[in-house]
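Everything on this sheet refers to the single structure shown next.
When a ligand or atom number is given, it counts from 1 through the structure's own listing order.
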Amino acid sequence: MSEHPFARSSTRVLAVASGKGGVGKSSITANLAVALARRGRRVGALDADVWGFSLRRMLGATEPPTVTAEDRIVPPEVHGVRLISMGFFAPEDQAVIWRGPMLHKALEQFLTQVDWGELDWLVVDMPPGTGDVSLSMSQFLPRAEVLVVTTPQPAAQSVAQRAAAMAAKVELDVVGVVENMSFFRGDDGTVYELFGHGGGRELAERLGVPLLGRVPLVPALREGADVGVPIVVSDPEGEAAQAFAVIARRLDAEIAPRRIYKPELRIT
Ligand SMILES: Nc1ncnc2c1ncn2[C@@H]1O[C@H](COP(=O)(O)OP(=O)(O)OP(=O)(O)O)[C@@H](O)[C@H]1O
Ligand SMILES: [Mg+2]
């Protein structure tokens, strides 16, 4: 019987999830991880999207992990964040086609064979949907807090709610909601709500958790993701980076972890 990783440590595990693809989970994970590191925290980022991994590219991690004599994997550090992603182990153009048990094994290795060192935060980029990976993660990381990402339109909200329902089923706590692509601000300051309004707030209210932030639609955010320089690094004073700084501060300094360590929760 082996104890699940981070069981005893004070590491807070944050699973960034949504019921739907393309809402910005990976972008939020990358920028939030760096924003937490910029607060002086020791931060790891785990790309649990083993099929559609994107964190390596988004964070611009050129160096792969190293392996110690004891066969421990040492994650490279990029923008102050220790990163593990399937992107280090599989070529980007090659789809990883795995079944549940193999997935489970890969995630287990990422958590148990990786020398994360002492971490204050482990931010986990979840794949879209509510399938095998979520189940595996909840088994490995029963203390994880779930951050639900949504976009402002009602349709996205209902799928995001599925992620919350999933979290409840596996007994993880939802810590808050982040609304992404909330608005676009033109050069003259005019705000355009391209994807509607209020979805994040409504979802947060329905889940009884805080709306931690609204991240604007910023072309530079996507460009930064494509070249591996997150917007919190390239434009720290900009509106998007400021939104991430606020979300990081609220998580880190204002919201106490809801769940306390439970010694009876172990993986076998
Ligand atoms: N606030 C934003 N402003 C501009 N572009 C954004 C923003 N958020 C995300 N994007 C872009 O939208 C696309 C989808 O974002 P991302 O990959 O982070 O979503 P995801 O939820 O992780 O997707 P998947 O479900 O495929 O894993 C990316 O090209 C990303 O750069
Ligand atoms: Mg993603």
| Centroid-to-centroid, His197 to Phe183, below 6.0 Å? | no
| 2.8 Å cut-off met by an N, O or S atom of Ser26 to the Mg ion (ligand 2) | yes
| query | Hey, any chance Phe184 and Met181 share a hydrophobic cluster, counting ILVMFWY side chains that come within less than 4.5 Å of each other, even indirectly? | reply | yes
Pairwise, report which nitrogen or oxygen atoms of ligand 1 are under 3.5 angstrom from protein nitrogen or oxygen atoms, and how far apart they are.
from     : atom 1 : to     : atom 2 : distance (Å)
ligand 1 : 1 (N)  : Asn180 : OD1    : 2.9
ligand 1 : 1 (N)  : Pro216 : O      : 2.9
ligand 1 : 3 (N)  : Val218 : N      : 3.0
ligand 1 : 3 (N)  : Val218 : O      : 3.4
ligand 1 : 8 (N)  : Asn180 : ND2    : 2.9
ligand 1 : 18 (O) : Ser26  : N      : 3.4
ligand 1 : 18 (O) : Ser27  : N      : 2.8
ligand 1 : 18 (O) : Ser27  : OG     : 2.5
ligand 1 : 19 (O) : Gly24  : N      : 3.0
ligand 1 : 21 (O) : Gly22  : N      : 3.4
ligand 1 : 21 (O) : Val23  : N      : 3.1
ligand 1 : 21 (O) : Gly24  : N      : 2.9
ligand 1 : 21 (O) : Lys25  : N      : 2.9
ligand 1 : 21 (O) : Lys25  : NZ     : 2.8
ligand 1 : 22 (O) : Lys25  : N      : 3.4
ligand 1 : 22 (O) : Ser26  : N      : 2.8
ligand 1 : 22 (O) : Ser26  : OG     : 2.8
ligand 1 : 23 (O) : Gly22  : N      : 3.1
ligand 1 : 25 (O) : Gly22  : N      : 2.9
ligand 1 : 25 (O) : Lys25  : NZ     : 2.9

| Chi angles and distances behind the side chain to side chain donor-acceptor pair (under 3.5 Å) call for Thr151, Asn180 | CA-CA 5 Å; Thr151 48; Asn180 189 29; over 6 Å; no
| said: Side chains of Pro127 and Val50, heavy atoms from C-beta outward: is any pair under 4.5 Å? | reply: no
| request: Using the side chain to side chain contact (heavy atoms under 4.5 Å, CB included) rule, take Gln109 and Val114 through it: C-alpha gap first, then chi angles, then the decisive distance, then the call. | output: CA-CA 7 Å; Gln109 287 189 351; Val114 172; over 6 Å; no
| query | Is Arg12 paired with Asp120 through a side-chain N to carboxylate O contact shorter than 4.0 Å? | reply | no
